[in-house]
Amino acid sequence: MKRRQFIAASTGIAVYSIFKASIFKPAWAATMTTEIAPLNKPTEQWREVLSQESYAVLFEEATERAGSSPLNKEKRAGTFICGACFLPLFSSEAKYESGTGWPSFWQPISPGHIATKRDFFLILPRTEYHCARCGGHQGHVFDDGPEPTGLRYCNNGLALRFVPTEEKLPELRS
């Protein structure tokens with residue numbers, strides 16, 4: 001009988017945790033607003049300008065293999081932009097080595113350039129973030145990053161492009 005009680009209690013705790021996480025967002029999530037006008041372009045049109053792999057990450061929410069992105073080793077000064085619409089998302093000054101195998105940043109260029117939503121794909125809730133302009137999936141944000149924000153924006157390299165400081169940023173795609 002004790003085993004049944006243990007299983008019932010464990011199940012109850014798990015369900016409560018998921019429910020609680022789905023209604024209460026972390027304090028930092030409240031600061032994430034959208035100040036960019038959304039680009040209302042059908043995702044199928046992105047297939048014409050993106051590689052198959054980038055399209056899968058950006059618009060089908062796939063994840064690239066850890067350690068596979070050349071952006072992990074990118075150390076030059078510059079800007080990381082959305083791989084679809086070219087909206088600037090991260091400065092190289094906010095990039096750091098997280099040891100996860102994906103490019104990681106401690107803050108976006110502007111909180112309004114990132115839109116968030118809850119993700120329950122792996123049962124436990126996570127905060128997924130997207131480009132606020134085109135809706136392209138970038139990665140997930142966690143609260144285990146470095147100071148001053150304590151955040152880790154864990155990004156798919158296939159969802160980004162890097163523009164060195166000495167080069168002009170491309171115009172936004174429409």
Side-chain angles (χ1 to χ4, degrees), residues 21-47 49-50 54-64 69 71-72 74-98 100 102-121 124-174:
S22 68
I23 9 182
F24 301 106
K25 292 184 179 177
W28 53 264
T31 65
M32 305 193 91
T33 60
T34 301
E35 61 187 44
I36 298 295
L39 179 60
N40 295 317
K41 180 175 185 171
T43 57
E44 287 302 313
Q45 289 183 7
W46 290 114
R47 273 194 204 276
V49 295
L50 298 170
S54 290
Y55 178 86
V57 168
L58 285 158
F59 296 106
E60 295 175 343
E61 299 181 357
T63 300
E64 68 189 2
S69 175
L71 294 180
N72 287 336
E74 183 58 67
K75 306 287 187 214
R76 296 175 290 173
T79 305
F80 293 85
I81 63 175
C82 173
C85 73
F86 301 160
L87 180 70
L89 298 178
F90 299 99
S91 166
S92 60
E93 294 175 6
K95 186 175 186 282
Y96 74 100
E97 179 52 55
S98 66
T100 61
W102 289 281
S104 297
F105 307 87
W106 52 268
Q107 79 176 10
I109 281 181
S110 170
H113 289 203
I114 301 289
T116 61
K117 74 175 188 177
R118 288 305 230 180
D119 169 357
F120 291 92
F121 181 71
L124 296 176
R126 302 181 297 176
T127 302
E128 182 178 316
Y129 65 96
H130 296 255
C131 170
R133 185 166 182 267
C134 70
H137 169 74
Q138 296 294 319
H140 292 85
V141 62
F142 303 96
D143 61 2
D144 60 358
E147 293 301 324
T149 64
L151 301 177
R152 173 173 51 97
Y153 291 85
C154 192
N155 217 104
N156 285 288
L158 286 168
L160 293 172
R161 289 188 181 199
F162 177 72
V163 181
T165 301
E166 59 273 7
E167 293 180 22
K168 182 180 175 195
L169 289 173
E171 290 191 29
L172 296 177
R173 275 188 180 154
S174 54

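Throughout, numbering of the chain's residues begins at 1 and tracks the sequence.
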Please report the closest heavy-atom contact between [X] and [Y], naming both atoms and the distance.
X    : Y    : result
F162 : R76  : CZ-O, 3.5 Å
C154 : F142 : CB-CE1, 4.0 Å
L169 : P88  : CD1-CG, 4.1 Å
W106 : P146 : CB-CG, 3.9 Å
N72  : E97  : O-OE1, 4.2 Å
N156 : G139 : ND2-CA, 4.2 Å

Straight-line distance of [X] [atom1] to [Y] [atom2], nearest 0.5 Å:
X    : Y    : atom1 : atom2 : answer
R133 : N40  : CZ    : CG    : 10.5 Å
Q107 : L89  : CD    : CG    : 13.0 Å
N155 : S104 : CG    : OG    : 8.0 Å
I81  : L160 : CD1   : CG    : 9.0 Å
I36  : C82  : CD1   : SG    : 11.5 Å
L58  : Q138 : CG    : CD    : 6.0 Å

Is it the case that the side chain of [X] and the backbone of [Y] share a donor-acceptor pair, with hydrogens and angles ignored and the cut-off at 3.5 Å?
X    : Y    : result
T116 : T127 : no
R173 : F86  : no
H113 : L87  : no
S98  : Y96  : no
S91  : I109 : no
K95  : K75  : no

Worksheet item: Does R152 have any salt bridge (Lys or Arg N to Asp or Glu O under 4.0 Å) partners at least two apart in sequence or in another chain, and if so, which?
Response: D144
Worksheet item: Sequence neighbours excluded, which residues qualify as salt bridge (Lys or Arg N to Asp or Glu O under 4.0 Å) partners of E60?
Response: R47
Fill in: side-chain hydrogen bond (donor to acceptor under 3.5 Å, both in side chains) partners for H140, two or more places apart
D119, R126
Practice prompt. Show the numbers, then the answer: is there a salt bridge (Lys or Arg N to Asp or Glu O under 4.0 Å) between K117 and E61?
Written response: CA-CA 13 Å; K117 74 175 188 177; E61 299 181 357; 3.3 Å; yes
Close side-chain approach of [X] and [Y], heavy atoms under 4.5 Å:
X    : Y    : value
E64  : S69  : yes
F59  : L50  : yes
P108 : Y129 : no

Worksheet item: Does CD in E166 sit with more than 12 non-hydrogen atoms of other residues, nucleotides or ligands closer than 6.0 Å?
Response: yes
Worksheet item: According to the interplanar angle, ranging from 0 to 90°, do the rings of F105 and F90 count as parallel (below 30°), tilted (30 to 60°) or perpendicular (above 60°)?
Response: parallel
